[in-house]
Amino acid sequence: MHADLSRSTFRPERHYSAVIVQQGRVQLDADANEQTAIQLHQTRALTADLIGPHGGPRGAAGFRIEYVGGKHDIDTLHIHGGRYYVDGILCDASRPAAGVPVPDEDEDEKDSKDSADADGQDSAQPAPHWTYWDQPDGFRDPEKPGDRLPSPAQAPFVAYLQVWERAVTAAEDPALREVALGAAMPDTAARAKVVWQVLPLSLADLGIKAPEPSKDTVREAFTRWARAQAVSSSRLAARAERPGHADEDPCLVKPDARYRGPENQLYRVEIHAGGAAKDASFKWSRENGSVVFPVDELDGTWVRLASLGHDSKLDLDVGDRVEFTDTAYASRLEPLALLRVEELDLPGRRVRLSAEPEPGVGRLPHLNPFLRRWDHHEGPRRKGRTTTLRGGAVPVREGEWLPLEDGVEVYFAKGGAYRTGDHWTVPARTATGGVEWPVDGSRRPLLRPPAGITRHFAPLALVKSEAGAVDLRLAFAPLATEIPAADEATLAAEARAREEEERGEAADPSGGRSQTTAEAENAAADTDADTQGEK
């Protein structure tokens, strides 16, 4: 999550069930976020245990796939609405209905009728379903050959669902900002968003050679493929080591401190370009990648920003590495070249970048383009020489400690396979002069898998031709059912019980009262009778 956090404390292996707030204590973002994470973990684990890896409610299951061949247009899929659960995560494919605007005062009634179709539907209304090209988080591009659907006439393919989560701040969704606070105030809370994408997958990628595989064959092959995709083999460790130049600033921090930074930080190490170690690269931020600047306008290499940072710590400077991106590319998880800030025009809120951003990125205002600042300026020094950056990012080097800054170092384990977006967070604290990272009994840092991104997958349909698709979804029935009527034996037993109760009351003159109570009531009745006689 690219958010301004102090640290992330949720660990499922600790089995905490709730965060308990104590009176008179400092309130931290980590505590509130851990409570949310605990509840999400419990809810999703319970949902997955009851439903299974994936499934939808019978009668309301979403993501029914319909292939539409493009005789005069490009091929597409219709993604029908409803709900579907993947590893306990709710995915909703229902398309929101378009709002109805207030008509103009001089709008003619005939014009309104003419805008309706012959079937009575308003032609301005969107289709009731999503398509492959306009799905809300897919951002597929018809101009990119790799985004186009395979032809089922040549070979069947599987349409599957990919699900993951990412953070959304006010830079990507301006509606999150409270305008009453004013433009000078920072934004408030961020949001976590479930991203779902319907994508194609060939049978060859699943290792299926049969031309007409059964449903079970496809599901089993997809499960094996998804298991391999969901688990990352990359591992990283972090530590703080007192640098050799520490004696040059003895007054800034404690002399024996290993972490030499003047402030607490949450370092984020994120894979930029994936692949094997020889091709992979990473970037890092001391602010968890949360320093972003909404973009108002792009003119060649000049970028006009909606606002600058609130102080020098959260601002831009010449030499900074920035990522020019937008909502679409943030969802596509594709690496973009990290550009260098070459010039600042503070009165005009403009920055000049080292190169023009890639075509198709950040040109559409509704995709909310923004700059994200990263804090590496060059690669680590080895044998007196600085490592050359690759696409503006630091090349991955396995099996050795790589320095970031102020004594913070990271270590990539050998033999890893890296994915764009995988990341680790490293809290650095001035109070301890070190970083918070798990260690063994000998105080050696432990290798850890990425903290995210966690990907989830589910098969939806085997698309064979335009005539139809084999549905691979699963459905579950509601737990609630009608209360069944009692059988004859039960009704007879209830009747006998009532008869025995009535016979018992008739045989007992006290009406079920105890002997003492009956005698007291009789004596009271006799006394009342004598009193009435005397009167």
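Positions are given from 1 along the sequence. Bear in mind that the values here come from a model prediction, so they are computed numbers and not experimental data.
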Task: Non-hydrogen side-chain atoms of Q265 and E287 separated by less than 4.5 Å - done: yes
Open item on the list: Treating D173 as the side-chain partner and A170 as the backbone partner, does any N or O pair qualify as donor plus acceptor under 3.5 Å?
Closed with: no
- [ ] Dump the intermediate steps for side chain to side chain donor-acceptor pair (under 3.5 Å) on Q162 and W196, then the final yes or no.
- [x] CA-CA 6 Å; Q162 175 177 263; W196 61 259; over 6 Å; no
Task: Nearest atoms (heavy-atom pairs only) where G319 meets H377 - done: O-CD2, 3.0 Å
TODO: Identify the two heavy atoms, one from W437 and one from T425, that lie closest to each other, and give their separation to 0.1 Å.
DONE: CZ3-O, 3.6 Å
TODO: Verify whether the ring centers belonging to F282 and F412 lie closer than 6.0 Å.
DONE: yes
Task: Interatomic distance, R372 atom CZ to W374 atom CH2 [nearest 0.5 angstrom] - done: 6.0 Å
- [ ] Report the C-alpha distance between V351 and L371 in whole Å, list the side-chain angles of each, state the deciding distance to 0.1 Å, and finish with yes or no for side chain to side chain contact (heavy atoms under 4.5 Å, CB included).
- [x] CA-CA 10 Å; V351 297; L371 288 180; 4.0 Å; yes
TODO: Determine whether L339 and P357 make a side-chain contact, defined as any pair of heavy atoms from C-beta on separated by less than 4.5 Å.
DONE: yes
TODO: Please name the pair of heavy atoms, one in L161 and one in C91, separated by the smallest distance, quoted to 0.1 Å.
DONE: CD2-SG, 4.4 Å
- [ ] Could you tell me which non-hydrogen atom of G82 sits nearest to which non-hydrogen atom of D92, and how far apart they are?
- [x] O-OD1, 3.3 Å
Task: Sidechain-backbone polar pair: W424 side chain, P449 backbone, donor-acceptor under 3.5 Å - done: yes
Task: Residue pair R83 / L90, side-chain heavy-atom distance below 4.5 Å - done: yes
Task: CD/Q23: more than 12 non-hydrogen atoms of other groups inside 6.0 Å - done: no
Open item on the list: Quick one: does any side-chain atom of D326 pair with a main-chain N or O of G362 as donor and acceptor, under 3.5 Å?
Closed with: yes
TODO: Take T36 and N33, measure what side chain to side chain donor-acceptor pair (under 3.5 Å) needs, and give me the verdict at the end.
DONE: CA-CA 5 Å; T36 301; N33 293 335; 5.3 Å; no
Task: Spatial distance of atom CG (L28) from atom OG1 (T9) [nearest 0.5 Å] - done: 9.0 Å
- [ ] Could you check whether the rings of Y84 and F63 sit parallel, tilted or perpendicular, using 30° and 60° as the cut-offs?
- [x] perpendicular
Open item on the list: Nearest 0.5 angstrom please: H54 NE2 to D87 CG, how far?
Closed with: 9.0 Å
Open item on the list: For the CD atom of E34 and the CZ atom of R11, what is their distance to the nearest 0.5 Å?
Closed with: 8.5 Å
Open item on the list: Between E297 and R349, does any side-chain N to carboxylate O distance fall below 4.0 Å?
Closed with: no
Open item on the list: Less than 6.0 angstrom from the centroid, inside 45 degrees of the normal: does R140 satisfy that with respect to the ring of W133?
Closed with: no
Open item on the list: Does D31 form a side chain to side chain contact (heavy atoms under 4.5 Å, CB included) with V21? I'd like the steps, not just the answer.
Closed with: CA-CA 8 Å; D31 296 333; V21 179; over 6 Å; no
Open item on the list: Show, in sequence, the C-alpha distance, side-chain angles and deciding distance for D345 and W302, and conclude whether the side chain to side chain contact (heavy atoms under 4.5 Å, CB included) test is met.
Closed with: CA-CA 10 Å; D345 175 16; W302 282 97; 4.1 Å; yes
TODO: For residues R373 and E323, determine if any side-chain heavy atom of one lies less than 4.5 Å from a side-chain heavy atom of the other.
DONE: no
Task: Shortest non-hydrogen separation from R268 to G289 and the atoms involved - done: CD-N, 4.1 Å
Task: Within 45° cone and under 6.0 Å: R95 NZ/CZ vs W130 ring - done: yes
TODO: Apply the test salt bridge (Lys or Arg N to Asp or Glu O under 4.0 Å) to residues E436 and R448: give CA-CA distance (whole Å), side-chain angles for both, the deciding distance (0.1 Å), then the verdict.
DONE: CA-CA 13 Å; E436 296 181 0; R448 303 284 294 180; over 6 Å; no
Open item on the list: A cation-pi test, strictly: NZ or CZ of R239 under 6.0 Å from the centre of the six-membered ring of W401 and no more than 45 degrees from its axis. Yes or no?
Closed with: yes
Open item on the list: Check whether R148 reaches the backbone of P142 with its side chain - one donor and one acceptor, N or O, closer than 3.5 Å.
Closed with: yes
- [ ] May I ask you to decide whether R350 forms a salt bridge with E343, counting only side-chain N to carboxylate O separations under 4.0 Å?
- [x] no
Task: Which atom of Y132 lies closest to which atom of V198, heavy atoms considered - done: CE1-O, 3.5 Å
Open item on the list: Applying side chain to side chain contact (heavy atoms under 4.5 Å, CB included) to D317 and V341, what does each step give before you reach the verdict?
Closed with: CA-CA 7 Å; D317 202 354; V341 175; over 6 Å; no
TODO: For the pair R363 (side chain) and V361 (backbone), establish whether a donor and an acceptor sit closer than 3.5 Å, ignoring hydrogens and angles.
DONE: yes
Task: Test ring-ring contact (aromatic ring centres under 6.0 Å, His included) applied to F10 and H41, step by step - done: CA-CA 10 Å; F10 174 65; H41 175 73; 5.7 Å; yes
Open item on the list: If you define the side chain from C-beta out and look only at heavy atoms, does anything of L336 sit under 4.5 Å from E358?
Closed with: yes
Open item on the list: Any salt bridge linking K193 with E165? Criterion: basic side-chain nitrogen under 4.0 Å from a carboxylate oxygen.
Closed with: no
Task: Spacing of CZ belonging to R177 relative to OG1 belonging to T188, to within rounding of 0.5 Å - done: 8.0 Å
TODO: Answer yes if the side chains of T131 and D134 hold a donor-acceptor pair under 3.5 Å, and no otherwise.
DONE: yes
Task: Check: L236 and L447 side chains under 4.5 Å, non-hydrogen atoms - done: no
- [ ] Please say which of H423, E270, R166 ends up in a side-chain hydrogen bond (donor to acceptor under 3.5 Å, both in side chains) with H2.
- [x] E270
TODO: Report yes or no: does E342 contribute a side-chain atom to a donor-acceptor pair with the main-chain N or O of T301 at less than 3.5 Å?
DONE: no
TODO: Find out whether Y418 and D279 are in side-chain contact, i.e. whether some heavy atom of one side chain is under 4.5 Å from a heavy atom of the other.
DONE: no
Open item on the list: Has R429 got a side-chain atom pairing as donor or acceptor with V435's backbone, closer than 3.5 angstrom?
Closed with: no
Task: Euclidean distance, R332 CZ relative to F139 CZ, rounded to 0.5 Å - done: 10.0 Å
Task: Min side-chain heavy-atom separation I89-R44 under 4.5 Å - done: yes
- [ ] Under the side chain to side chain donor-acceptor pair (under 3.5 Å) rule, what do S290 and N288 come out as? Steps first, then yes or no, please.
- [x] CA-CA 5 Å; S290 64; N288 192 34; over 6 Å; no
Open item on the list: Main chain of A171, side chain of D187: is a donor-acceptor contact present, judged purely on distance under 3.5 Å?
Closed with: no
Open item on the list: Can you classify the ring geometry of Y85 versus F476 as parallel (below 30°), tilted (30 to 60°) or perpendicular (above 60°)?
Closed with: tilted
Open item on the list: Has T420 got a side-chain atom pairing as donor or acceptor with P335's backbone, closer than 3.5 angstrom?
Closed with: no
TODO: Give a yes or no answer on whether the side chain of S354 reaches the backbone of R340 with a donor-acceptor pair at less than 3.5 Å.
DONE: yes
- [ ] Using the side chain to side chain donor-acceptor pair (under 3.5 Å) rule, take D422 and S232 through it: C-alpha gap first, then chi angles, then the decisive distance, then the call.
- [x] CA-CA 8 Å; D422 285 351; S232 175; 3.3 Å; yes
- [ ] Verify the distance criterion only: is there a donor paired with an acceptor across the side chains of D29 and S6 at less than 3.5 Å?
- [x] yes
